[in-house]
Asker: 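I have a structure here, written as structure tokens, and I will follow up with some questions on it.
Residue numbers start at 1 and run along the sequence shown.
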Amino acid sequence: SSVVIYRQFVSLKKIERAWVTVDVKWADTPRVMDGVSSDAGFQDLRHASSIYVRLFIHNGGNTPAWLVAKRIGFTILDEMPKLPNFDKLPPEDSLGGVPLSRGEKKNSIMWLSCDAVYSRKKAAFIYGYVKYTDIFGDIRTTSFGFAVNGGADLKRLNVPGFNITT
């Protein structure tokens with residue numbers, strides 16, 4: 001009947017669709033750089049922290065994906081939030097439908113900064129999302145989050161709301 005056909009179609013989409021994942025690694029020496037940032041006229045000086053990372057976007061699905069946009073940021077807070085606040089990230093970067101074939105991995109180096117001083121006593125993390133379309137025309141999103149703990153590896157956050165693929 002039509003219910004069985006619909007369920008088969010939904011199952012087929014899940015099996016054959018693109019599945020985009022994101023990983024973040026240090027681009028160079030693992031460290032947080034502290035400094036001072038200012039406005040263009042050097043009137044408003046404030047403490048800032050920066051990191052240099054490599055963003056990996058991978059299609060682990062069975063069909064191509066087209067990357068539409070990405071949004072990524074680095075922040076330091078007193079404690080880890082329960083949910084990501086994407087509104088506090090820098091503006092979304094349009095990727096214009098860059099193709100990502102089955103099994104392909106693209107990477108880019110990014111310099112990320114925030115207006116806060118790094119301390120191991122605070123929650124420092126990288127988070128964001130990637131938007132893409134699949135062969136079925138669905139717009140999908142993969143969110144991600146990684147803790148910056150001052151060590152050699154960035155640790156994927158195990159917090160609800162981060163690391164979700166739609």
Side-chain angles (χ1 to χ4, degrees), residues 17-28 30-61 64-101 104-119 122-150 154-166:
R17 64 168 269 202
W19 288 93
V20 171
T21 58
V22 176
D23 197 10
V24 180
K25 303 278 186 200
W26 293 108
D28 197 0
R31 68 174 181 252
V32 177
M33 291 161 270
D34 290 319
V36 176
S37 69
S38 69
D39 61 7
F42 296 99
Q43 300 298 315
D44 182 26
L45 295 176
R46 55 195 175 277
H47 290 283
S49 296
S50 301
I51 56 174
Y52 195 46
V53 296
R54 186 176 299 268
L55 179 72
F56 294 91
I57 302 172
H58 177 252
N59 181 3
W66 290 268
L67 302 176
V68 176
K70 71 178 175 185
R71 196 168 187 186
I72 181 171
F74 168 55
T75 192
I76 299 171
L77 300 173
D78 289 330
E79 61 184 22
M80 183 63 63
K82 291 188 175 29
L83 293 171
N85 184 350
F86 296 120
D87 292 335
K88 294 199 175 205
L89 292 176
E92 191 174 88
D93 291 332
S94 175
L95 300 175
V98 172
L100 189 65
S101 61
E104 185 178 3
K105 185 182 280 190
K106 293 193 181 292
N107 72 81
S108 59
I109 294 176
M110 305 190 76
W111 181 263
L112 304 173
S113 297
C114 68
D115 289 336
V117 177
Y118 175 70
S119 162
K122 295 192 174 198
F125 57 101
I126 301 161
Y127 72 109
Y129 60 80
V130 173
K131 287 183 184 174
Y132 63 99
T133 57
D134 62 19
I135 64 167
F136 301 104
D138 294 330
I139 297 175
R140 302 191 176 274
T141 304
T142 297
S143 65
F144 57 91
F146 291 84
V148 177
N149 58 15
L154 299 171
K155 184 178 178 188
R156 189 175 293 276
L157 294 175
N158 189 16
V159 178
F162 293 94
N163 303 306
I164 295 175
T165 299
T166 61

Asker: Quick one: are F146 and F162 in side-chain contact, heavy atoms under 4.5 Å?
Answerer: no
Asker: Verify side-chain contact (heavy atoms from CB on, under 4.5 Å) between D134 and R140, making sure each step is shown before the conclusion.
Answerer: CA-CA 8 Å; D134 62 19; R140 302 191 176 274; 2.7 Å; yes
Asker: Would you call K88 and Y127 a side-chain contact if the rule is heavy atoms closer than 4.5 Å?
Answerer: yes
Asker: Is the distance between the ring centroids of F86 and Y129 under 6.0 Å?
Answerer: yes
Asker: So does T141 get a backbone contact from the side chain of T166, meaning a donor-acceptor N/O pair under 3.5 Å?
Answerer: yes
Asker: Taking all heavy atoms of S50 and all of W111, pick out the closest pair and write down the distance.
Answerer: CB-CZ2, 3.5 Å
Asker: What is the minimum heavy-atom distance between Y132 and T142, and which atoms define it?
Answerer: CE2-OG1, 3.6 Å
Asker: Going from CG on L77 to CG on N85, what distance comes out if it is rounded to the nearest 0.5 angstrom?
Answerer: 9.5 Å
Asker: Please determine which of L154, V53, T75 meets the side chain to side chain contact (heavy atoms under 4.5 Å, CB included) test together with V148.
Answerer: L154
Asker: Would you indicate whether the side-chain heavy atoms of V159 and M80 approach each other to under 4.5 Å?
Answerer: yes
Asker: At their closest point, which heavy atom of G73 faces which heavy atom of P90, and how far apart are they?
Answerer: CA-CD, 4.0 Å
Asker: Answer whether the closest heavy-atom distance between the side chains of I51 and M110 falls below 4.5 Å.
Answerer: no
Asker: Report yes if some heavy atom in the side chain of Y52 is under 4.5 Å from a heavy atom in the side chain of L112; otherwise report no.
Answerer: no
Asker: Find the distance between CZ (F125) and CG (L157) and round it off to the nearest 0.5 Å.
Answerer: 7.0 Å
Asker: For the pair N163 (side chain) and G145 (backbone), establish whether a donor and an acceptor sit closer than 3.5 Å, ignoring hydrogens and angles.
Answerer: yes
Asker: Could you measure the distance from the CG atom of L83 to the OG atom of S143? Nearest 0.5 Å is fine.
Answerer: 10.0 Å
Asker: If you compare all heavy atoms of I109 against all heavy atoms of A27, which two are closest, and at what distance to 0.1 Å?
Answerer: CG2-CB, 4.0 Å
Asker: Do any N or O atoms from the side chain of N59 and from the backbone of E104 form a donor-acceptor pair under 3.5 angstrom?
Answerer: no
Asker: Output yes when a side-chain donor or acceptor of R71 lies under 3.5 Å from a complementary backbone atom of L89, and no otherwise.
Answerer: yes
Asker: Mind checking whether T133 and D138 have side chains closer than 4.5 Å, heavy atoms only?
Answerer: no
Asker: With sequence neighbours left out, write down each residue that passes side-chain contact (heavy atoms from CB on, under 4.5 Å) with P64, or none if nothing qualifies.
Answerer: W66, I135
Asker: Drop me the distance from E92's CD to K131's NZ, to the nearest 0.5 angstrom.
Answerer: 4.0 Å
Asker: Set out, in order, the CA-CA distance, both residues' side-chain angles and the distance that settles side-chain contact (heavy atoms from CB on, under 4.5 Å) for K70 and S94, then state yes or no.
Answerer: CA-CA 7 Å; K70 71 178 175 185; S94 175; over 6 Å; no
Asker: To the nearest 0.5 Å, tell me how far D23 CG sits from F144 CZ.
Answerer: 10.0 Å
Asker: Report yes if some heavy atom in the side chain of V68 is under 4.5 Å from a heavy atom in the side chain of L95; otherwise report no.
Answerer: no
Asker: Taking all heavy atoms of V24 and all of I126, pick out the closest pair and write down the distance.
Answerer: CG1-CD1, 4.0 Å
Asker: Nearest 0.5 Å, what's the CZ-CG distance between R54 and N107?
Answerer: 4.5 Å
Asker: Do the side chains of K106 and V98 get nearer than 4.5 Å, heavy atoms only?
Answerer: yes
